[in-house]
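Letters A, B, ... mirror the listed sequences (proteins, then strands); counts begin at 1. All values reported here derive from a predicted model rather than from experimental measurement.
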Amino acid sequence: MDVKKIKIKAFPAEEFKDNDSLQAYIDELNAEGTNVIIGKLDEMINWGRANSLWPLAFATSCCGIEFMAAAAAHYDLARFGMEVTRNSPRQADVMIVAGTIVNKMAPLLRRVYDQMAEPKHVVAMGACSISGGPFTNSYCVINGVDKLIPVDVYVPGCPPRPESLFYGLLQLQRKVKADKFIQKKRIVRPYRPETLINPKTGEPIDMEVCLEPTPDTSIE
Amino acid sequence: METIKKIIAQAASDAVIEEAQRLTVTVPPKQLHPLMKALHDNEELPFDYLISLIGMDWGDKLGVIYLLSPSKDLTRELVVITATEDRGNPLLYSVTDLYETAHLNEREVYAMFGIRFINNPDMRPFLLDDTWNGFPLRKDYDTDPARNPVTVISSEVRDDVPRIMEDENGNLVESTTRVFEKDDYIINIGPQHPSTHGVMHFRTALNGELIKKIDVRSGYIHRGIEKLCESLTYPQILHLTDRLDYLSANINRHAVCMCVEKAVGIEVPPRAQYIRTIMDELNRISSHLLAFASHCNDLGATTAFIYGMREREHVLDIFDKTCGGRLIINQDVIGGVMFDIYPDFQKDVKAFIPYMRKRLKEYEVFFSKNPIALRRMVDVGYMSREDAITYGVTGPAGRGSGWSCDVRLHKPYALYEQVEFTEVIRTEGDSYARYLNRLDEIEQALQIIEQLIDNIPEGEIQGKVRPIIRIPEGRYFQSVETGKGEFTVFIESKGNKHPYRLKFRSPSMAAVSVMPLISEGEFLADFIGIGGSMDYVIPDIDR
Ligand code: SF4
């Protein structure tokens, strides 16, 4: 599939600054070819998904206010089908990490992420969630949330203006439109958990173990 | 001043009094409590408002600096210092029995410096977990990240409270109690909760639907700003102050700028003063609008939220055109302002004033008199004047309890001496009074802007500043009135281009510390609304 074929209303593919990364992503995803029928079905489902991404605002500080401004009347997030901000991770499709994440918050961020249902996406909004921002040198700030969770889109700025957030969200929409929903295939960007230590044992944490689904305890 | 000196001499025979920027008293730890008690309880001029409690590491000594003021005369400030030489097990006496606001502050000092306070009933560290290795604000803190590795494994919230008390014979007894009783029903509000206005964790014990007790846990956005500042130059520090209470970003910045300017003796040109004051007031309007919007949202009025945010955009547009920023505007710099106003600035501001007035009327009609809103605000979350003072709750919330505490009026800075405005005071002390205070303060801010906007003098926008700013040795304080209350910067300098210690007084911390008191016995559903009426910003507390 060509990235140009992914259409976003009133925003032609040429106007996106970065088409190459997405193209590379699509190529990788489609390396083994696609069945036409399933491909068409996927397109349809993804069209629906991409236009109703429900965000969960993991807002910890200043960037959260810009997210609020983006969601309010003037900028109006509803234009992209994203106004349904969910406060429960179980109902959300995309987590927007807006603000600094500090050591004490790391387990909570991870837990909220783990509670979201697949397929899930993460947008790192602002310098802090990308790299620690102005606080990189601090003794208790995580230098980038991609140490804890995989990130789909990075939106730089301190704080990013609502316009840049929208640009990032549109990129996310394109990415969602390229997913292979039925075949449950998408590439999760590798992240850097190597720095995580289990405080009880002192050993590095094996993320695979962490990611293991919780046993099903529902009553039959 | 003479009477104060007499009181000091009577209560603490070993006190050393010196006249610096503020009257400063140094006492040995043993005499601290008697002195504070005498200052607090004396009839003539009771120093009943603890503005700031600052932990210090002087290398050979660990200590605390108290900044006090009488609640009825905010111009008289007094600095009390005490210190201990024991770095292994530093112990000082608590003042929690005199000042409620000391509770959280002393716990913060414990987390940051390892100083424990005798007779503080709750000596858990605040901001950092009790599993944290080391005391970050000590000068010999080992910053090796391996000592406090990042983890995604949640730690348990412990219920036991260590403390160290003095018995009648003067012996120190260590003991532990519990926060909650054994069969209390506890729910967690936060840290990731849409209506706690940030990442605050309230552990709430319930009695049916009523709140029985609240345990405040914070630190989920503690970024260590004060430690970072110790290795930054003064112009660099300004960027971090913006990110404390980002809703009053420009006002916070103003405080640091003024503190440095006064210490170094930099003259700020009049044009810059005008721009600063107008920008501060616009900033206050945007802060109060957001407070109004989110408070109404907390009470379930989404329309009001949208309205508040809509008006706020008009202010942000003016910021945007002036300096390119919306929320954090980087306008004030040491010596003046970074950007001059744009040609249509006056026109835009003058168009905004009547627009905002019209909107204020609209808010009044559709929300301030709404019966449901009234039921959820009137007589809810009552805070008395005494509580406001002892907890140090300033700003619109403190003035909602009848305490005249506007820094702009009592300790005027910039152009506030020249303009006329009324301090908005209500005595009801409930959520509704705080809510109305904010709306009225918007009107007052508009009046201040009106008086200044046509008279902006021509001239320079920046005073003469050396490329490297060094502050002469000493201690400097500067207070300003932000949207949330009194914000104070404290700088201790050793003559370098970095501060030796820098501390921010957070008005939001006081507002949160009073939450357990004012929401006790209220409905759980109203807790969120009370929080909205207090209007705190968590990153300001955690720093
Ligand atoms: S990126 Fe900047 S604006 Fe956003 S949370 Fe971090 S410091 Fe605040």
ask   = chain B heavy atoms under 4.5 Å from Ala59(A): which part of the residue, side chain, backbone, both or neither?
value =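 For Ala59(A), backbone heavy atoms alone lie under 4.5 Å from chain B.
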ask   = What part of Phe58(A) gets closer than 4.5 Å to chain B, counting heavy atoms only: side chain, backbone, both or neither?
value =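 Both parts, heavy atoms under 4.5 Å.
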Say you draw a straight line from [atom1] of [X] to [atom2] of [Y]; how long is it, rounded to the nearest 0.5 Å?
X: Ile221(B); Y: Lys104(A); atom1: CD1; atom2: NZ; answer: 12.0 Å
X: Phe305(B); Y: Asp298(B); atom1: CZ; atom2: CG; answer: 10.0 Å
X: Ile149(A); Y: Tyr113(A); atom1: CD1; atom2: OH; answer: 6.5 Å
X: Leu109(A); Y: Ile142(A); atom1: CG; atom2: CD1; answer: 8.5 Å

query = Would you call Arg359(B) and Glu362(B) a salt bridge, using N to O less than 4.0 angstrom?
reply =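 Result for this pair is yes, salt bridge flagged.
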query = For chain B, which residues from residues 91-102 of chain A have at least one heavy atom closer than 4.5 Å to it?
reply =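 Within residues 91-102 of chain A, the residues under 4.5 Å from chain B are Thr100(A), Val102(A).
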key: Close contacts, residues 155-165 of chain A versus chain B, judged by heavy atoms under 4.5 Å   =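 Contacts with chain B: Cys158(A), Pro159(A), Arg161(A), Pro162(A).
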ask   = Does the pair Arg217(B) and Asn188(B) meet the rule for a side-chain hydrogen bond (donor to acceptor under 3.5 Å, both in side chains), with working shown?
value = CA-CA 10 Å; Arg217(B) 285 167 52 87; Asn188(B) 291 304; over 6 Å; no
query = Which is it for Leu137(B) and Arg501(B) under the side chain to side chain contact (heavy atoms under 4.5 Å, CB included) test, yes or no, and what are the steps along the way?
reply = CA-CA 9 Å; Leu137(B) 282 179; Arg501(B) 168 94 167 99; 3.8 Å; yes
key: Worked verdict on Lys484(B) versus Asp535(B) for side chain to side chain contact (heavy atoms under 4.5 Å, CB included)   = CA-CA 7 Å; Lys484(B) 314 275 177 281; Asp535(B) 182 29; 3.3 Å; yes
message = If we define contacts as heavy-atom pairs under 4.5 Å, which of Arg223(B), Lys227(B), Met309(B), Arg310(B) has the most with chain A?
response =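 That would be Arg223(B).
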query = Which one of Leu327(B), Ile225(B), Ile306(B) has the most heavy-atom pairs closer than 4.5 Å to chain A?
reply =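 Most heavy-atom pairs under 4.5 Å with chain A: Leu327(B).
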Give a yes or no on whether the ring-centroid distance for [X] and [Y] is below 6.0 angstrom.
X: Tyr139(A); Y: His222(B); answer: yes
X: Tyr307(B); Y: Phe366(B); answer: yes
X: Phe504(B); Y: Phe487(B); answer: yes

request  = Could you tell me whether the side chains of Ser218(B) and Asp542(B) share a donor-acceptor contact shorter than 3.5 Å?
outcome  =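 Yes, side-chain donor-acceptor contact under 3.5 Å.
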task = Give the minimum heavy-atom separation between Asn103(A) and Val141(A), together with the two atoms involved.
result =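 Closest heavy-atom pair between Asn103(A) and Val141(A): OD1-N, 3.9 Å.
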Chain A-proximal positions within residues 229-245 of chain B [heavy-atom distance under 4.5 Å] =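 So far as heavy atoms go, Leu240(B), Arg243(B) are the residues that approach chain A to under 4.5 Å.
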key: Heavy-atom contact with chain A under 4.5 Å, split by part of Thr302(B)   =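 Neither; nothing under 4.5 Å.
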For residues 61-74 of chain A, run the donor-acceptor check on the side chains, cut-off 3.5 Å, and write out each pair with its distance to 0.1 Å, sequence neighbours left out.
| unit_1 | atom_1 | unit_2 | atom_2 | d |
| --- | --- | --- | --- | --- |
| Glu66(A) | OE1 | Arg326(B) | NH2 | 3.3 |
| Glu66(A) | OE2 | Arg326(B) | NE | 2.8 |

request  = For Arg253(B) and Asn250(B), run side-chain hydrogen bond (donor to acceptor under 3.5 Å, both in side chains): C-alpha distance rounded to whole Å, both residues' side-chain angles, the deciding distance at 0.1 Å, then the answer.
outcome  = CA-CA 5 Å; Arg253(B) 216 179 156 91; Asn250(B) 197 47; 5.1 Å; no
